[in-house]
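Notes follow the structure.
In this text, all values refer to a predicted model and were calculated from it rather than measured experimentally. Within every chain, numbering begins at 1; the chains are lettered A, B, ... in the order of the sequence lines, protein sequences first and strands thereafter.
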Amino acid sequence: MSLAGLREIAMDELSLACAELKIQGFRLVSITTTDLCAFFEMTYHFDRAMVLRHLRCRLERGKAAKSITTIYALAMITENEIQDQFGIRFEGLVQDYEGQFFLEKESVSVPLCRPVRLGPNPSAKES
Amino acid sequence: MPQTIVPFGPQHPVLPEPIQLQLVLEDEIVREVVPVFGFVHRGLERLVDSRDFEQMLYVCERVCGICSTIHGLCYCQCLEGLLNVEVPRRAKFLRVVWSELHRMHSHFLWLGLAADAVGFESLFMQAMRLRETVMDIMEATTGNRVIISVNVLGGVRRDLDSGERRWILDQLDTLESEYIPMARIFSQEATIRCRTEGIGVLTREQALELGAVGPVARGSGIAEDMRLTRYAAFNELSIEPVVEKDGDSLARMKVRVREILQSMNLIREALSKMPDGEVRTKVTGRPEGEIVGRVEQPRGELLYYILAQGGKNLTRLRIKTPTFSNIPPLLAMLPGLDLAQVPVVVLSIDPCMSCTER
């Protein structure tokens with residue numbers, strides 16, 4: 001099963017795609033980031049009249065993502081959370097908590113940044 | 001004029017849960033607000049690594065006590081979608097009954113806290129007294145008061161026999177007769193109005209721009225309610241979003257006051273239309289694929305994103321809670337207010353930090 005209303009784009013196209021959705025009246029619902037070993041998968045969820053639309057882009061490890069805080073104010077919170085959880089930096093993030101949004105200054109690890117197996121999970125073979 | 005920074009929270013009489021707002025003041029007028037989070041962050045999303053998809057239901061129910069059954073409902077609906085499970089109709093109606101009871105007890109709690117915040121102590125006690133009726137119904141029908149844990153994959157854990165249904169209807173009738181005079185006080189009484197009317201205004205345009213959800217959005221004239229997406233048995237029930245247009249703290253209060261009555265009516269309708277049959281279907285297999293599910297919590301839209309790859313453990317669980325969306329609107333409401341008005345306006349979004357920080 002895959003998401004209905006999903007559109008895959010390049011990270012460079014993100015700002016423009018978000019601006020277009022904003023003009024069309026979509027609000028940002030949330031951003032989901034998943035660590036898929038070779039890259040991060042970032043899914044942006046939008047809503048208009050209770051119908052969801054999703055944008056998805058890939059981000060290579062070690063590269064910074066584009067912030068959309070100037071387009072959607074809610075992104076400030078979600079992008080700061082992603083910085084905490086995955087160690088991803090956002091270029092142009094308004095009100096940057098620098099990885100200490102939920103976490104304390106003493107925190108040195110990014111809790112959700114861990115390898116995820118691609119393909120079938122070996123535990124699926126268990127009875 | 002010199003500026004002073006006053007820390008509001010993390011411990012404050014109007015805050016049931018900790019958040020800090022650093023208020024930048026000129027004299028006693030708020031000019032800027034910087035939120036500080038992380039006081040109850042638990043990293044629950046990370047537990048998908050160590051708990052299997054059936055155990056995660058119990059984790060999701062503990063994201064937040066106040067709306068625990070609605071978290072459980074959203075999680076179950078997502079997994080049932082991935083596993084292609086058709087839930088029995090009776091179970092869908094029972095899910096509505098318990099989730100609306102949760103909405104009622106959450107709103108009663110909020111009304112009590114709001115009365116306390118404006119200095120109306122006797123009204124606080126009356127709101128908490130009426131809330132006990134709802135808690136009693138949950139305890140009698142599920143064995144617990146807050147984390148009732150009725151949702152399971154494929155349906156619900158318990159059924160309601162005809163005697164229990166009749167008893168719930170009697171309790172609701174008594175509760176309604178006692179609640180209506182209280183609802184009038186919350187909507188019309190001078191003590192309440194002078195602390196809430198025209199204060200903390202969020203215009204419809206601002207609410208749309210900043211992505212407000214739930215009673216905060218509906219108090220600003222936006223008729224959005226995730227129950228209109230017709231999950232569970234809401235496709236067979238009559239529901240109209242409760243909307244107020246003024247956008248101030250009083251409007252948000254009125255939305256919640258009316259939603260309690262709406263929940264009572266939804267429970268009555270669900271109990272009357274509930275079909276006979278099973279309440280649980282057997283679930284086999286392991287989830288594979290990705291799905292997004294949304295439901296309406298007492299505070300607004302709740303979103304779950306789940307990615308599964310056919311194993312015991314989910315690959316990713318993402319939870320977006322309504323307070324998360326209502327923080328930017330709150331930050332827009334506060335500038336220009338007097339310091340003494342801040343507590344009531346903060347409370348007016350019904351902040352739930354356990355949900356927000358997970």
Side-chain angles (χ1 to χ4, degrees), chain A residues 1-6 22 25-36 41 43 45-52 54 56 69 71-78 80-82 84-85 95 97 100-105 107 111-126, chain B residues 34-43 45-46 48-49 52 81-84 207-213 217 222 224-226 228-229 286-292 294 301 303 305 307-321 324-329 331-332 356-358:
Chain A
M1 179 179 279
S2 59
L3 298 183
L6 175 70
K22 180 83 181 281
F26 283 89
R27 74 177 164 87
L28 178 68
V29 178
S30 190
I31 308 171
T32 300
T33 305
T34 308
D35 185 351
L36 293 174
E41 188 179 77
T43 309
H45 312 283
F46 300 88
D47 171 280
R48 186 179 66 184
M50 285 172 286
V51 176
L52 279 171
H54 315 275
R56 176 168 287 166
T69 43
I71 305 168
Y72 286 106
L74 177 66
M76 184 275 283
I77 294 182
T78 49
N80 272 299
E81 185 189 24
I82 291 166
D84 277 24
Q85 293 178 333
Q95 217 167 333
Y97 286 71
Q100 287 154 21
F101 187 65
F102 284 147
L103 303 181
E104 295 289 327
K105 285 179 185 171
S107 303
L112 291 188
C113 194
R114 41 80 172 128
V116 173
R117 284 179 293 269
L118 292 171
N121 189 324
S123 64
K125 293 173 186 167
E126 296 170 18
Chain B
V34 179
V36 181
F37 300 90
F39 300 99
V40 287
H41 178 56
R42 293 156 290 164
E45 291 176 0
R46 181 75 160 83
V48 292
D49 284 350
D52 67 36
L82 287 177
L83 292 162
N84 290 317
L208 287 168
E209 169 75 20
L210 298 170
V213 298
I222 300 172
E224 282 205 359
D225 186 321
M226 286 305 131
L228 294 176
T229 59
R286 290 184 177 165
E288 188 161 13
E290 60 181 337
I291 193 166
V292 171
R294 291 193 295 173
E301 171 200 51
L303 176 141
Y305 167 86
L307 172 64
Q309 292 178 306
K312 271 185 176 176
N313 293 50
L314 302 177
T315 304
R316 180 79 170 103
L317 168 66
R318 166 79 173 145
I319 304 170
K320 196 286 296 180
T321 60
F324 209 88
S325 301
N326 285 331
I327 293 291
L331 301 181
T356 306
E357 301 196 357
R358 290 152 283 131

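Summarising the geometry, atom CG belonging to A:Asp47 is positioned 9.5 Å from atom CG belonging to B:Leu303; distances are rounded to the nearest 0.5 Å. One finds the CG atom of B:Asn326 at 9.5 Å from the CD1 atom of A:Ile77 (value rounded to the nearest 0.5 Å). Between atom CG of residue A:Asn80 and atom CZ of residue B:Phe37 there is a gap of 9.0 Å, rounded to the nearest 0.5 Å. Rounding to the nearest 0.5 angstrom, the gap separating the CG atom in A:Leu6 from the CD atom in B:Glu290 is 6.5 Å. The distance from the CG atom of A:Asp35 to the OG1 atom of B:Thr315 is 11.5 Å, given to the nearest 0.5 Å.
In plain terms, the two heavy atoms of B:Arg316 and A:Thr33 that are nearest each other are NE-O, 2.6 Å. What you find for B:Glu301 and A:Val29 is that their closest heavy atoms are OE1-CG1, 3.5 Å.
Contact check on B:Glu209 versus A:Lys22 returns a salt bridge, with a Lys/Arg side-chain nitrogen under 4.0 Å from an Asp/Glu carboxylate oxygen. A salt bridge links A:Glu81 with B:Arg318: the distance from a Lys NZ or Arg NE/NH1/NH2 to an Asp or Glu carboxylate oxygen falls below 4.0 Å.
With a 4.5 angstrom heavy-atom cutoff, B:Pro35 touches chain A via backbone and side-chain atoms both. Of the two parts of A:Ala4, neither the backbone nor the side chain holds a non-hydrogen atom closer than 4.5 Å to a non-hydrogen atom of chain B. Residue A:Leu52 touches chain B through both its backbone and its side chain, counting heavy-atom pairs closer than 4.5 Å. Contact annotation for B:Val34: both backbone and side-chain heavy atoms come within less than 4.5 Å of a heavy atom of chain A. Within the 4.5 angstrom heavy-atom criterion, no atom of B:Phe39 approaches chain A. Both the backbone and the side chain of A:Leu74 come within contact range of chain B, each with at least one heavy atom under 4.5 Å from a heavy atom of that chain. Only the side chain of B:Tyr305 comes within contact range of chain A, with at least one heavy atom under 4.5 Å from a heavy atom of that chain.
Here the side chains of A:Gln85 and B:Glu45 are in contact, with some heavy-atom distance below 4.5 Å. Using a 4.5 Å heavy-atom cutoff, the side chains of A:His54 and B:Val292 are in contact.
If you tally non-hydrogen atom pairs under 4.5 Å between each of A:Ala49, A:Ala73, A:Ser30 and chain B, the highest count goes to A:Ser30. Per-residue heavy-atom pair counts under 4.5 Å with chain A were compared for B:Asp225, B:Leu208, B:Ile222, B:Asp52, and the maximum is reached by B:Asp225.
Scored by the side-chain contact (heavy atoms from CB on, under 4.5 Å) test, A:Thr69 finds A:Ser67, A:Ala75, A:Met76, A:Glu79, A:Leu93, A:Val94 as partners (sequence neighbours excluded).
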